[in-house]
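Sequence positions, counted from 1, serve as the residue numbers for this chain. Bear in mind the structure is a predicted one, so any value in this text is a computation, not a measurement.
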Amino acid sequence: MGKGANGSLDGELSFSPDGRRVYFHSLRADNTGYRQDPPADDFLDIYVAEVSADEAGPGRNLGSPVNSPFPDGEHALHPDGVTLYFASPRPGGLGGADIWTSTLTGGTWSEPVNLGAPINSPGDELQPAFAADGNTMYFTSNRLADVGAAIFRSARVGEGWSEPELVVRGIVGEPSLTADGSLMYFVHVLTDAAGVFDADVWYSLRSP
């Protein structure tokens with residue numbers, strides 16, 4: 001979009017329902033951890049840019065309490081337009097990177113809340129994505145030692161989420177759903193005896 005900082009690594013776009021704001025994570029000198037004394041290795045913070053006439057303005061660091069001296073990112077804005085789901089290894093989690101939420105009220109983000117079990121585990125949970133109604137969440141996790149990075153699905157149950165169901169395995173991640181929820185696109189990392197050699201975009205069609 002031509003608005004990045006020199007040397008920044010920007011990704012994981014998530015738009016507000018009205019299309020007027022785009023959230024993304026980035027590696028920039030302005031990241032929270034790098035502004036500590038002494039600086040901490042903080043390779044991800046979440047930023048937002050205003051969108052006008054189909055053009056995004058410069059990114060603004062969301063700041064505290066969403067961002068911390070730890071890597072915060074791999075996020076998605078819930079379809080309600082005010083709840084941000086993001087991954088972070090900050091203290092208070094169940095282990096590795098956990099999924100946290102923060103809610104925007106009157107222009108201020110709330111203190112992040114850990115989703116807890118059964119969504120989070122001692123492994124890593126990240127890259128949430130939602131069906132259009134916001135009641136189904138897909139995310140990436142390596143919670144199963146014999147499976148590795150895989151995509152799981154969970155349904156809204158009251159104020160919480162159901163036990164995650166394994167839906168795609170095979171070193172996969174970054175799920176993204178079409179507006180009608182019929183297709184899920186994801187990244188499949190390809191490896192051989194020498195290591196990682198490629199990554200392709202795949203899709204899966206939801207059964208009726």
Side-chain angles (χ1 to χ4, degrees), residues 4 8-16 21-28 30-34 40-49 59-79 82-104 109 112-131 134 136-144 147-154 161 164 166-177 184-189 196 199 201-202:
S8 66
L9 295 175
D10 310 311
E12 206 74 18
L13 301 181
S14 185
F15 286 86
S16 61
R21 294 182 306 280
V22 57
Y23 295 84
F24 60 97
H25 64 204
S26 185
L27 166 59
R28 302 185 179 200
D30 192 42
N31 283 12
T32 306
Y34 296 141
D41 185 14
D42 180 8
F43 57 85
L44 284 183
D45 263 8
I46 301 173
Y47 291 73
V48 63
R60 172 177 57 84
N61 191 305
L62 288 189
S64 179
V66 172
N67 290 320
S68 72
F70 297 86
D72 309 297
E74 303 286 1
H75 60 280
L77 187 68
H78 188 272
V82 296
T83 308
L84 187 67
Y85 286 66
F86 65 97
S88 176
R90 66 180 63 196
L94 276 65
D98 279 1
I99 296 178
W100 300 69
T101 66
S102 179
T103 303
L104 183 63
W109 290 99
V113 175
N114 188 291
L115 285 188
I119 295 298
N120 291 320
S121 75
D124 294 313
E125 282 73 43
L126 60 162
Q127 300 167 348
F130 295 92
T136 304
M137 176 171 61
Y138 294 79
F139 63 94
T140 305
S141 177
N142 62 358
R143 63 179 63 206
L144 300 178
V147 172
I151 296 173
F152 292 78
R153 175 176 57 205
S154 179
W161 295 91
L166 175 64
V167 292
V168 184
R169 66 172 71 201
I171 316 182
V172 295
E174 301 185 46
S176 180
L177 281 83
M184 180 180 67
Y185 290 83
F186 60 93
V187 173
H188 180 200
V189 176
V196 174
V201 176
W202 293 58

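- Taking every heavy atom of both residues into account, Gly96 and Asp124 meet most closely at CA-OD1, 3.2 Å.
- To the nearest 0.5 Å, the span separating CZ on Phe24 from CZ on Phe15 amounts to 10.5 Å.
- Judged purely by atom type and a 3.5 angstrom limit, Thr83 has no side-chain atom pairing as donor or acceptor with the backbone of His78.
- The shortest heavy-atom contact between Arg143 and Ser121 is CB-OG, 3.4 Å.
- Remark: side-chain polar atoms of Asp42 are not paired, donor with acceptor, to backbone N or O of Tyr34 under 3.5 angstrom.
- With Trp109 contributing its side chain and Leu62 its backbone, the two residues share no donor-acceptor pair below 3.5 Å.
- We find the CD-OG distance between Glu12 and Ser26 to be 12.5 Å, quoted to the nearest 0.5 Å.
- Contact detail for Arg90 and Phe86: the closest heavy-atom pair is NH2-CE1, 3.6 Å.
- Residues Phe139 and Ser154 approach most closely at CE2-CB, 4.5 Å, considering heavy atoms.
- Asn31 is listed as a side-chain neighbour of Tyr47, based on a closest heavy-atom distance under 4.5 Å.
- At distances below 3.5 Å, at least one donor-acceptor pair connects side-chain atoms of Asn67 with backbone N or O atoms of Ile46.
- The two residues Gly116 and Leu94 come nearest to each other via the heavy atoms CA-CD1, 4.2 Å.
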Start with the C-alpha distance between Tyr85 and Phe130, add both sets of side-chain angles, then the distance that settles ring pair (Phe, Tyr, Trp, His ring centres under 6.0 Å), and finish with yes or no.
-> CA-CA 10 Å; Tyr85 286 66; Phe130 295 92; 4.7 Å; yes

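- Checked by atom type and distance alone, the side chain of His75 never pairs as donor or acceptor with a backbone atom of Ser14 at under 3.5 Å.
- Side chain of Thr140 to main chain of Ile151: no donor-acceptor pair is present (N/O by atom type, distance under 3.5 Å, no hydrogens or angles).
- The minimum heavy-atom distance between Ala129 and Leu177, with the atom names listed, is CB-CD1, 4.2 Å.
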Does the salt bridge (Lys or Arg N to Asp or Glu O under 4.0 Å) test come out yes or no for Arg28 and Asp10, once each step is laid out?
-> CA-CA 9 Å; Arg28 302 185 179 200; Asp10 310 311; 3.4 Å; yes

Test log, rule side-chain contact (heavy atoms from CB on, under 4.5 Å), inputs Leu77 and Leu84 = CA-CA 5 Å; Leu77 187 68; Leu84 187 67; 4.3 Å; yes

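- Annotation: side chain of Leu115 is in contact with side chain of Thr101 (closest heavy-atom distance under 4.5 Å).
- Looking only at distances, a side-chain donor or acceptor of Asp45 sits under 3.5 Å from a matching main-chain atom of Thr32.
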